[in-house]
Amino acid sequence: MIKVTLKDGTIREVEQGTTIAELALSISRGLAKVAVAGKVNDKTKDLSYPLTEDAAVEIVTLDSEEGLDVLRHSTAHLMAEAVGNLFPGTKFGIGPAIAKGYYYDFDSEHVFTPEDLVSIEKEMNRLVKEKHSFQRREVSRAEALSHFGKLGEKYKVELIEGLPDDATISMYTQGNFTDLCAGPHLPSTANIKAFKLMSLAGAYWRGSEKNKMLQRIYGTVFAKPADLEDHLFKLEEAKRRDHRKLGLELDLFSLHEEGPGFPFFHPKGMILRNALEDFWRQEHRRRGYQEIKTPIILNRSMWEQSGHWDHYKENMYFTEIDDQDFCVKPMNCPGGMIMYKTKMRSYRDLPLRVGELGLVHRHELSGALHGLLRVRNFTQDDAHIFMLPSQINEELIGVIELVDYFYKVFGFEYNVELSTRPEDSMGSDEDWETATKALQAALEDKGIEYKINPGDGAFYGPKIDFHVKDCLDRTWQCGTIQLDFQMPEKFDLSYIGERRSKASPSHGSPGCVWKY
RNA sequence: GCCGAUGUGGCUCAGAGGUAGAGCAGCUCACUCGUAAUGAGCAGGUCGUCGGUUCGAUUCCGACCAUCGGCUCCA
C-alpha cells in the first residue's frame, strides 16, 4: 500500500499501481466523470498513470484551466488526425493548447480553405464517435527519431533533436495518428464534446521569418456545448466593441489608403484626445514632471550620433532639406538629450523629469498595421528622466506606479515583460547588465510578476514592456520603461557633482504610458 | 515583409460576361409624432488601381495598392 495525499490534505492508502482514474473513482463517481488528468507531486500525468509510491495527488478536472488545457491539447491532436486522414502527406508542426483553444501547424501541398474547415470538423466528429483512446508510450531518443524520420516528419525530428538530453520522450497515439507529445491527454476522443474550428492563418515554423511558412488552423474547445456557445457569443460581443468599428460609428477617427497607418482624428476624436492629454498633464505635473516639445525632423548627423542611423534605419522615414539629409523622428529621446544640454546641470537638478507628447513616425510592416493599435505614426507620451545612479531604483518604481495608475484608471489588464539585449545593439555588456538588473530590481521590489523576453530590448537599452489586452484578449505592447546609459554617453550629457566633478547622468525613458 | 481572405455609392451589403441595385445616412417638400429609423420625392458609383483575355468586363486572368485574420500562448 502507498500513501496518497489529496488536495484537501487528507491521506488515503491505496494499492501500489492504482491509476489516477481509479483513485478519482474511489473518491467519488462525480469526480471520476469530470477528471481528465492528474497531478502527481505537481507534475501532470494521464489518468492511466499508475501510482507507485507515496505522493501528493490532485485530480485535474475540466473545471480548471489546467483541465481545459488537457482538453485543448487533445483536441489539437484530434484535429491533426482528421487533417492527416483527409490530406495524406501533410507534415505536422506543433499543436499546443492556447487560451480558449488550440492550434496546429501543418505543412501541406494542399492550401486549406474555409470549406476544408467544415470537412475537417466533420471528420473530427466522426473520430470522436469512434472513441479512440489516447495511448502513451515512452520511447528512446533513437526510436523516436527513427519513427518520425521514416515518416519524413522533419519538424518532429527537429523537435526531438532539440529536446534536452535527460528528457523523457513520449509519443501519444489515438486511432491511426501518433504524435510526439509530453502529454497528458484525455482518456479518449469521446471526451471531446464542444469544439469548433475558428480560422486559418499562415505561421512561420518556430515563429521565425527565416523558416518556412506553415498553415495554422485555430480551433476552440470547451468542456460542454453551453460553454462553447457562451464563448462564441462573447466573441460576437467583443467584435461589436472593436475600436475600429466604434471609431467609425462614433465618428472619432478614420484611416485611408492615402496614408496607411496614419490615422485621421475627427472633431469628436479630438475631444477624447484632449481630455486624455489634460489628464496626462495633470498627473505628470503632480509627479514633478515638466513638459517639453521637440521637433519632428532632425538632421542625419544627429541620428548617427544617437545610433538610430545604424540600428533603427529600416524603421525610419527620411527627407532632404537644402541638400542635406534629415530624418523624421521615430523616437523622442534624442530631442530630450539636446534639450538637456542647453545649460549646465547640477546634481541638485536631478532627477530631472521631463515629459513630451511627441509625434513619432515608424515604418511598421504593412501586414502588422491594425486600427489605432499598430500605426505608422502616433503621439507617444514620452518622458525622459535624467537621474543620478543612486536615484535609479526610486525613479523606476515611480514610473511603474504611474503606468499602473493610468492603466487602472482605464481598466486595462496588462502583463509585464522584461526585454533584454538584442543582437543589433550598442554599448558595453556591463552597462546592459547593470541596466537590466536595475529594471529587474524595480519589478521585484514592486512584487510584479514578469516574464523575460530575451533579445527584445531597444538597441540602446533593456526595457520593461507592458502588454495590454484588447476586447478579444489579444495583447498589444503598449507602455514601456527603458533604462539606458547609451544616449547620455552618445550625447555627452553631464552634470556637476557634489565635488564639482563632471559625471554622466543615467537616462530613464518611460515611453508611452499610452499612445494614440 | 510572409500566408490566406476580402475590396461594389458616406455606412451595411446584394448582384451578374453585355455598360449596376437595396436598406440606412444626405438633400427637398409635407407631417410634428419627442428621443435608433413618418410619408413622398431627389441626388449619389469610371463596381480599389493598372494591365491582359474578349466583339464587349465591374464580373475571367495577372500585377500592384489597401483592408481583415494570423506569423511560438513552444514536443
Side-chain angles (χ1 to χ4, degrees), chain A residues 65 68-69 72-73 76-77 80 92-108 110-117 136 138-139 141 144-145 147-148 153-164 167-172 178-185 197-218 220 235 239-240 242 244-251 254-262 266 314-315 363-371 373-376 415 417 451 453-454 456 467 469-470 472-475:
Chain A
E65 272 303 303
L68 286 171
D69 276 347
R72 289 165 188 150
H73 196 177
H77 278 226
F92 300 93
I94 59 168
I98 55 173
K100 321 266 186 215
Y102 59 92
Y103 66 78
Y104 211 112
D105 287 344
F106 304 101
D107 184 3
S108 171
H110 174 79
V111 177
F112 297 121
T113 66
E115 293 75 58
D116 292 334
L117 294 192
R136 178 188 174 93
E138 290 184 8
V139 295
R141 181 173 298 255
L145 283 173
H147 175 88
F148 290 106
E153 293 287 358
K154 56 179 173 176
Y155 303 104
K156 297 296 176 191
V157 169
E158 190 181 321
L159 290 170
I160 296 165
E161 282 166 349
L163 291 174
T168 305
I169 299 178
S170 56
M171 307 197 303
Y172 277 80
T178 298
D179 202 357
L180 173 73
C181 186
H185 277 287
L197 301 190
M198 301 301 282
S199 61
L200 287 160
Y204 295 106
W205 169 238
R206 304 206 133 179
S208 165
E209 57 192 357
K210 292 185 187 110
N211 293 333
K212 177 162 183 184
M213 178 158 278
L214 308 180
Q215 300 185 69
R216 174 171 298 179
I217 301 178
Y218 282 93
T220 187
L235 279 184
K239 275 188 197 155
R240 292 176 48 208
D242 190 311
R244 292 167 298 185
K245 195 170 154 71
L246 292 175
L248 183 73
E249 285 170 358
L250 300 177
D251 197 13
S254 58
L255 287 155
H256 305 272
E257 286 201 13
E258 289 83 348
F262 301 122
H266 298 194
E314 60 282 10
N315 288 305
H363 181 254
E364 298 288 347
L365 293 179
S366 58
L369 299 178
H370 181 104
L373 286 174
R374 184 62 83 236
V375 288
R376 285 181 171 157
N415 51 23
E417 292 185 3
K451 122 180 173 193
N453 194 355
D456 206 41
H467 296 252
K469 269 189 190 171
D470 72 5
L472 289 171
D473 277 348
R474 296 181 292 202
T475 60

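Within every chain, numbering begins at 1; the chains are lettered A, B, ... in the order of the sequence lines, protein sequences first and strands thereafter. When reading the values below, keep in mind they use all heavy atoms of this one structure, side chains included, and skip hydrogens, waters and symmetry mates.
One C1' atom belongs to A63(B), the other to C71(B), and the distance between them is 24 Å to the nearest Å. Comparing A30(B) with A36(B), their C1' atoms are spaced 23 Å from each other, to the whole Å. Here, G9(B) and C2(B) have their P atoms 28 Å apart, quoted to the whole Å. Taking the C1' atoms as reference points, A20(B) lies 13 Å from U46(B), given to the whole Å. Rounded to a whole angstrom, the distance from the P atom of C47(B) to that of U19(B) is 14 Å. G44(B) and C27(B) are spaced 10 Å apart, taking the C1' atom of each and rounding to whole Å. Nucleotides U58(B) and G51(B) have their C1' atoms positioned 15 Å apart, rounded to a whole Å. A gap of 7 Å separates the C1' atoms of G48(B) and C65(B), to the nearest Å.
Between Tyr104(A) and Tyr102(A), the ring centre distance reaches or exceeds 6.0 Å.
Ionic pairing of Asp69(A) and Arg72(A) is present here: one or more N-O contacts between side-chain nitrogen and carboxylate oxygen are shorter than 4.0 angstrom. Classification of Glu161(A) and Lys154(A) as a salt-bridged pair fails, no side-chain N sitting under 4.0 Å from a carboxylate O. Under the 4.0 Å criterion applied to side-chain N and carboxylate O atoms, Glu417(A) and Lys451(A) are assigned as salt-bridge partners.
Under 4.0 angstrom from either OP1 or OP2 of G1(B) there lies at least one side-chain N or O belonging to Ser366(A).
Distance check: Arg244(A) CZ to Leu373(A) CG gives 8.0 Å after rounding to the nearest 0.5 Å. Residue Leu145(A) holds its CG atom at 7.0 Å from CD1 of Ile169(A), rounded to the nearest 0.5 Å.
At a cut-off of 3.5 angstrom, the base of G70(B) holds no donor-acceptor pair with the side chain of Tyr204(A).
A distance-only check finds a donor-acceptor pair linking the side chain of Gln215(A) to the backbone of His110(A) [under 3.5 Å]. A donor-acceptor contact shorter than 3.5 Å is absent between the side chain of Lys212(A) and the backbone of Tyr204(A). Checking side-chain atoms of Arg216(A) against main-chain N and O of Asp105(A) turns up no donor-acceptor pair under 3.5 Å. Without hydrogens or angle criteria, Thr220(A) side chain to Lys100(A) main chain gives a donor-acceptor distance under 3.5 Å.
Between His256(A) atom NE2 and G10(B) atom P the separation is 12 Å, expressed in whole Å. As a whole-Å value, the separation of Leu197(A) CG from G70(B) C1' is 16 Å. Atoms CZ (Arg240(A)) and P (C11(B)) sit 21 Å apart, rounded to a whole Å. Between the CG atom of Leu235(A) and the P atom of G70(B) there is a distance of 10 Å, given to the nearest Å. Whole-Å rounding puts the Arg244(A) CZ to A66(B) P distance at 16 Å. The separation between Arg376(A) atom CZ and G1(B) atom C1' is 10 Å, rounded to whole Å. With rounding to whole Å, His266(A) atom NE2 is found 11 Å from C11(B) atom P. In this entry the distance linking NZ of Lys245(A) with C1' of G10(B) reads 15 Å, nearest Å.
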### Task
State the dot-bracket string of RNA chain B. Criteria: Watson-Crick or G-U wobble, both atom distances under 3.5 angstrom; notation: ( ) intrastrand, [ ] crossing earlier pairs, | interstrand, . unpaired.
(((((((..((((.......)))).(((((.......))))).....(((((.......))))))))))))....
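The residue among His370(A) and Glu209(A) whose nearest nucleotide of RNA chain B lies closer to the 5′ end is Glu209(A).
For Glu138(A), the CD atom counts as densely surrounded, since its 6.0 Å shell holds more than 12 non-hydrogen atoms of other residues, nucleotides or ligands.
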Pairs: protein N or O with nucleotides 3-7 of chain B N or O, under 3.5 Å:
| unit_1 | atom_1 | unit_2 | atom_2 | d |
| --- | --- | --- | --- | --- |
| C3(B) | O2 | Gly202(A) | N | 3.1 |

Pairwise N/O distances under 3.5 Å, protein to nucleotides 73-75 of chain B:
| unit_1 | atom_1 | unit_2 | atom_2 | d |
| --- | --- | --- | --- | --- |
| C73(B) | O2' | Ala97(A) | O | 3.4 |
| C73(B) | O2 | Ala99(A) | N | 2.9 |
| A75(B) | O2' | Leu180(A) | O | 2.8 |
| A75(B) | N6 | Thr168(A) | O | 3.2 |

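Using a 4.5 Å cut-off on side-chain heavy atoms (C-beta onward), His147(A) and Glu153(A) make no contact.
Ring geometry for His73(A) against His185(A) counts as tilted: the plane angle lies between 30° and 60°, on a 0 to 90° scale.
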